Amino acid sequence: MLQLSIIREKTAEVLERLKLKNYDGAQIISDILRLDDTRRESQKALDDLQAQSNILAKEIGILFKQGKADEANALKEKTADLKSRAKELDEKLESARKELEDLLVRVPNLPHQSVPPGKTAEDNEVVLLEDALIPSSGDYLPHWELAAKYDIIDFATGTRITGAGFPLYKGKGARLQRALINFFLDQALAAGYTEVQPPYMVNAASAFATGQLPDKDGQMYYAQVDELYLIPTAEVPVTNIYRDSILKARDLPVKNVAYSACFRREAGSYGKDVRGLNRLHQFDKVEIVQVTRPENSYQTLEEMRDYVAGLLRKLELPFRIVKLCGGDMSFTSALTYDFEVWSAGQKRWLEVSSVSNFEAFQSNRLKLRYKDEAGKIHTAHTLNGSALALPRIVAALLELNQVNDGISIPTILRPYCSFKIIN
RNA sequence: GGAGAGGUGGGUGAGUGGCUGAAACCAACAGUUUGCUAAACUGUCGUACGGGAAACUGUACCGGGGGUUCGAAUCCCCCCCUCUCCGCCA
């Protein structure tokens, strides 16, 4: 969530930037400002009242000790009035606070100045294109046909076991998954990330802190009896490692990497581009998460972007990087780069990674801060990126590497697969 | 799931109604001393929200929420969590 001080001090700019996300904040921001005034007035009044009560209570204690019960009892009567006024103020304060909080968490993050305007993916800005490896001609089957041909992914059985969007990987298909996960983790380790294995279910507080709630309620699987959510990405548990904490300056930047299965209900997306591995309810992903000082977060974003690009080059996949336009960005992000690989069988780009800087948006909810060298406390910045999500990588790999007698495995993955070809 | 014990500052841990935002010790940080390291000594050492140009100051917070009381870390109720034993179990 946004810092109240920014809304208060730079109201016009906030509204302007929100418009980039096609978000009209006029009403909600004015409500927030009004509630904030109420909150502050009530708090000041209540604090003063409390101060008086504290003084009286102290005096009463002293009087009793001196045996002056009459005087003490006389003072007691005065406190009754203070108490009832305090109660009233307290209720007013609490309701203002709660209302304020409810509104505040519904305001999306401000997009960075460099975010291009626009409404849909059409308006995203291609910032890097590496298309030399896109085949200019030839027949390339889509991955679902290849999956069937070589019996490596069984969609029908997955559907029978669970439902659509839960594929069953078999034989070399399963081994390729495992190889990719290990490859991605090893690469991240080499780049200085620390590997963590997070829980796959989180409580509401965690889902709230990274911004999935209340914005994405309904997109997560929810185990009602235990009030737990299946994670849509490792970002949620891994970022929540630092909820309610104050890191030391020397601990920054925090660089974590985690493999996890991810679960998404994908409600509302039935029927479009859901064939094969294109859109799943359960998939595997290796996620990188960083916590940085505010002044370093954009440099870190570029580093993460370069890192992900490096992975795709090593996998010999044609790809492009797009900077998301305001309308296509997520609720929580200030700047996002999407990575798209070329699907030779489907003749289109597939999103395989999203690298974002959330600035202080998540940290404000997480209460994630750090103490600088002078002992001053600041809100940290958080970033994360997929590095990478498996299914569409697998789709692109299978489709692009079709050879006469099977599917050739990219050189760098061969030691991880311990086979060179799927046939 | 059943029974019991317990949750206090970064850690250990004292504190059963007012003088306690909280002893002491450890850790951490700054400095002094020493030829270096170590040690010793001195000092600093919670967070949030208000007020103030600042020095500073008000309020709240001892797992969370509610209650009793003039006054709660301390008493009462509910919830959560941890530990021990039993049960179940990869």
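Letters A, B, ... mirror the listed sequences (proteins, then strands); counts begin at 1. Computed from a prediction, not measured in an experiment: that's the story for all the values here.
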**Q.** Strand partner of B/G17, provided both Watson-Crick or wobble distances fall under 3.5 Å
**A.** none
Q | Residues forming a ring-ring contact (aromatic ring centres under 6.0 Å, His included) with A/Tyr337, sequence neighbours excluded | A | none
**Q.** Watson-Crick or G-U wobble partner of B/G35, both distances under 3.5 Å
**A.** none
Q. Under the side-chain contact (heavy atoms from CB on, under 4.5 Å) test, which residues partner A/Asp81, sequence neighbours left out?
A. A/Ser84, A/Arg85
Q: Keeping to residues at least two apart or across chains, list the ring-ring contact (aromatic ring centres under 6.0 Å, His included) pairs with something in residues 62-82 of chain A.
A: none
Q: Please identify each residue that fulfils salt bridge (Lys or Arg N to Asp or Glu O under 4.0 Å) with A/Lys44, with sequence neighbours left out.
A: A/Asp48
Q.
For B/C75, give the paired nucleotide (Watson-Crick: N1-N3 plus N6-O4 or O6-N4; G-U: N1-O2 and O6-N3; both under 3.5 Å), or none.
A. B/G67
Q. Which nucleotide, in any strand shown, forms a Watson-Crick or G-U wobble pair with B/U47, with both distances under 3.5 Å?
A. B/A60
**Q.** Contact letters for nucleotides 71-80 of chain B, in which S counts primed atoms plus P, OP1 and OP2 and B counts the base, heavy atoms under 4.0 Å
**A.** S---------
Q.
Output one letter per nucleotide in nucleotides 43-64 of chain B: B when a protein non-hydrogen atom lies under 4.0 Å from the base, S when only the sugar-phosphate is that close, - when neither is.
A. ----SSBSS------BSS----
Q | Spacing of the P atoms in B/G4 and B/U16 (rounded, Å) | A | 25 Å
Q) Does any nucleotide pair with B/G4 by Watson-Crick or G-U wobble geometry, both distances under 3.5 Å, and what is it? A) B/C83
Q: Would you sort out whether A/Arg293 and A/His381 count as a side-chain contact (heavy atoms from CB on, under 4.5 Å), showing the intermediate values?
A: CA-CA 6 Å; A/Arg293 289 172 169 251; A/His381 280 192; over 6 Å; no
**Q.** Cation-pi, A/Tyr370 ring and A/Lys248 (6.0 angstrom, 45 degrees)
**A.** no
Q) Which sits closer to the 5' end of RNA chain B, A/Lys76 or A/Ile62, going by the nucleotide each is nearest to? A) A/Ile62
(Q) Under the rule for salt bridge (Lys or Arg N to Asp or Glu O under 4.0 Å), what residues qualify as partners of A/Glu235, not counting sequence neighbours? (A) none
**Q.** Separation between the P atoms of B/G71 and B/C19, rounded to whole Å
**A.** 14 Å
**Q.** Pairing residues for A/Phe339 by the ring-ring contact (aromatic ring centres under 6.0 Å, His included) criterion, not counting sequence neighbours
**A.** none
**Q.** Integer angstrom distance from the C1' of B/A24 to that of B/G9
**A.** 13 Å
**Q.** Paired nucleotide for B/A22 [Watson-Crick or G-U wobble; both distances under 3.5 Å]
**A.** none
**Q.** Which residue lies more 5' along RNA chain B, comparing A/Ile60 with A/Lys248 via nearest heavy atoms
**A.** A/Lys248
Q | Under the side-chain contact (heavy atoms from CB on, under 4.5 Å) test, residues paired with A/Ala209 that sit two or more places apart | A | A/Asn240, A/Arg243, A/Leu366
